[in-house]
Amino acid sequence: MAHPILQFGTSRFLLAHVDLFVSEALAGAPGAGDALGGITVVQTSERPEGAARVAALAAAADQGGGYPVRVRGLAGGEVVDRTLPCTSVQHAWQASARWAELRSSVMPQVRVIVSNTADTGYLLHEGDGPQALQPGSAAPRSFPAKLLVLLHERWRAAPQLPLTLLPCELIERNGDVLKGVVLQLAQQWQLPADCIAWLDAHCVWASSLVDRIVSEAIEPVGAVAEPYALWAIERRPGLQLPCTHPSIVLTDDLAFHERLKLFLLNAGHTFLAERWLQSGAVPTATVREAMADPVRRPELEALWAEEILPVFDGLGPVARAQAEAYLVDVRERFANPFLDHRIADIAQNHAQKKQRRFGPILALAAEHAPQLAQPRLKAAMAGA
C-alpha cells in the first residue's frame, strides 16, 4: 500500500518531530488533525546505523505499536516527563534495496515529500547521470539525483496531482536551495522542457525552519526530545501540509522566525561558550549549570535584555512582543533538568559561530538602533 507522505532521512530528529506530529494528528490529539495518512521512510545513505534504524522501524510498523518518543523538560514552568507512541511510519525502506518499488508504486501516490539529509545532503555525486532515469537502473548516489529520478517518474505517471516538498535541513531558504539544485541537475541531464517547467511551476518547494532539541536515541528505535517544538513553514500557493498541529506554524515571514532562533537561542548558546572559554573552560560544564550559576546567568540575561531585545524594537511592537515570548521558551529550554548540553560541544568552531550569530545582530542594530552600545557583543567579535 502506498502512503501519501514520503520521507527521506531516518534521523532521530525526524522521528521525534515530523513523524510524531503526524502520529498525533492521526490519533486526534488536541489541536492536531487533517493528517494526509501514513509515512514511508527512506534511508538515502548506506550507513550501517541507518540500516539498523530502518530495520527497527519496519519491525515496529509490522507489529503495529510504533516506537517511543520520550518528551522530557520544562514547559510552562512545569516538569514534563512522558512517553508517547509514534505510529505514523508505515514503511521503512533502504533506497537502493527498494528503488524499483519507490519509482513505480510509491511515487505516483505521494502528496508530500519531507527530507532531512544532514549538512552535506544537497551535494551531488559525479557518478550520477541521466542513465539513472532508465527503467531498471540502480538508485543514484546523491539525494538530489534520487529526488530528480522520482520526480521525473511522478511527472510521467501523474503530473496533474499536487505535490509539496518540505525540506527540513538546517539551510537558510532550504526549499529554494533544494529547488535550485534539482532544476540545475534536470537541465544538465537534458530533461524535456515540459518536465523542467513542471518541476519549476507545479511542484511546491516550501522553505521551512525546524526547532527542537532531540537529545538522544532510544534503541533500537525511538528518541528523547524536549517539550518545545516548532516547524515554521513559509506559506506558498498550492502548499499541502502533512497535517495540522500546534507546533506547525504557517508564516509569511519565515526570516523572522529564523531571526528569533538565531538572535536569542543560538546567540545565547554562543555567548555562554564565549564566557566559558574566558573563564577556564571546565570540560563538563553544561548550559543547565550556567542557568543556575549566580554569575553566568545574570550576564546572559543582561545580553538578552540590553543588547538583543532592543534590536527587535526597531521592527515594531509586535516583533518585540514575539521575541519576549520566544525568550520565555528559550529560558526553559536552557534550564532543562534532563538535558546535559555541554558547552564544550557548543564551543566547537567558535570563531565561525560568532560571525554567523553575533554579526547579524550587530548589523541589524546598526540599521534600526544605531544608538545601542552592545559592548558584550562587540567585545566578543573583536576577539574573534
Side-chain angles (χ1 to χ4, degrees), residues 119 169-174 176-177 207-211 213 228 230 232 234 251-281 285 287 290-291 293 295-335 341-384:
D119 294 340
E169 290 84 4
L170 293 176
I171 297 171
E172 187 176 354
R173 307 292 311 168
N174 45 24
D176 295 339
V177 173
S207 292
S208 75
L209 169 72
V210 294
D211 189 4
I213 296 173
Y228 180 87
L230 172 69
E234 187 173 57
T251 179
D252 294 315
D253 190 2
L254 186 64
F256 181 75
H257 291 276
E258 294 170 339
R259 187 174 286 150
L260 285 177
K261 182 181 178 184
L262 181 69
F263 283 21
L264 296 169
L265 185 140
N266 297 141
H269 275 153
T270 294
F271 183 74
L272 288 177
E274 176 80 359
R275 288 293 192 254
W276 174 79
L277 289 167
Q278 293 173 349
S279 63
V287 173
M291 292 298 284
D293 186 274
V295 175
R296 286 178 289 176
R297 173 69 179 269
E299 287 182 336
L300 178 60
E301 292 288 352
L303 176 82
W304 282 329
E306 299 170 12
E307 302 192 26
I308 298 178
L309 284 177
V311 178
F312 287 94
D313 290 335
L315 304 178
V318 174
R320 172 66 185 245
Q322 290 176 311
E324 290 178 345
Y326 181 76
L327 186 54
V328 172
D329 291 323
V330 169
R331 289 189 182 100
E332 289 195 325
R333 298 170 73 185
F334 279 21
H341 194 174
R342 295 197 316 153
I343 299 177
D345 295 333
I346 297 170
Q348 293 179 14
N349 303 311
H350 183 60
Q352 295 93 321
K353 286 180 179 176
K354 284 197 292 184
Q355 294 291 336
R356 291 198 309 267
R357 297 174 176 183
F358 295 168
I361 302 173
L362 292 167
L364 194 65
E367 180 181 355
H368 292 286
Q371 76 288 349
L372 200 60
Q374 297 178 297
R376 300 171 186 85
L377 290 175
K378 290 177 180 177
M381 290 292 282

- Do the side chains of K261 and L230 get nearer than 4.5 Å, heavy atoms only? no
- Message: Using a 6.0 Å cut-off, check whether atom CD of E324 has over 12 heavy atoms from anything other than its own residue.
- Response: yes
- Do W304 and L327 come close enough that some side-chain heavy atom pair is under 4.5 Å? yes
- Between A273 and I346, which heavy-atom pair has the shortest distance, and what is it? CB-CG2, 4.1 Å
- Minimal heavy-atom distance between P298 and D293, with the atoms involved, is CD-O, 3.7 Å
- Query: Is any NZ, NE, NH1 or NH2 atom of the basic residue among E301 and R331 found under 4.0 Å from an Asp or Glu carboxylate oxygen of the other?
  - Reply: yes
- In Å and rounded to the nearest 0.5 Å, what is the CD1 to CD distance from I343 to E274? 12.0 Å
- Query: Can you find a heavy atom in the side chain of H341 that is under 4.5 Å from one in the side chain of R333?
  - Reply: no
- Heavy atoms only: give me the nearest G314-H368 pair and the separation to one decimal. O-ND1, 3.6 Å
- Heavy-atom closest contact (A365 atom, V311 atom, distance): CB-CG2, 3.9 Å
- Note on the structure: CD1 of I171 to CG of D176, rounded to nearest 0.5 Å, is 11.5 Å
- Item | Test item: L315 and L364 side chains (from C-beta on) under 4.5 Å apart, heavy atoms | yes
- Any donor and acceptor pair, going by atom type alone, linking the side chain of D253 with main-chain N or O of F256 inside 3.5 Å? yes
- Indicate the atoms forming the closest heavy-atom contact of P370 with A366, along with that distance. CB-O, 3.9 Å
- Message: Regarding E307 and K378, does a basic nitrogen lie under 4.0 Å from an acidic carboxylate oxygen?
- Response: no
- Interatomic distance, OH@Y326 vs CG@D211, rounded to 0.5 Å, equals 4.0 Å
- Item | Inter-residue atom distance Q374.CD - L303.CG, 0.5 Å rounding | 9.0 Å
- Message: Before we go on, tell me: are the rings of H269 and F334 under 6.0 Å apart, centre to centre?
- Response: yes
- Is there side-chain contact between E234 and R173, with at least one heavy-atom pair below 4.5 Å? yes
- If every non-hydrogen atom of F358 is compared with every non-hydrogen atom of T270, which pair is closest and at what distance? CZ-CG2, 3.6 Å
- Quick one: NE2 on H350 to NZ on K354, what's the gap to the nearest 0.5 Å? 4.0 Å
- Item | Side chain to side chain, E258 and L254, heavy atoms closer than 4.5 Å | yes
- Item | Q322 and F312: CA distance, side-chain angles, deciding distance, side chain to side chain contact (heavy atoms under 4.5 Å, CB included) verdict | CA-CA 9 Å; Q322 290 176 311; F312 287 94; over 6 Å; no
- Between L309 and R320, is any pair of side-chain heavy atoms under 4.5 Å apart? yes
- Rounded to the nearest 0.5 Å, what separation is found between the CD1 atom of I213 and the OH atom of Y228? 10.5 Å
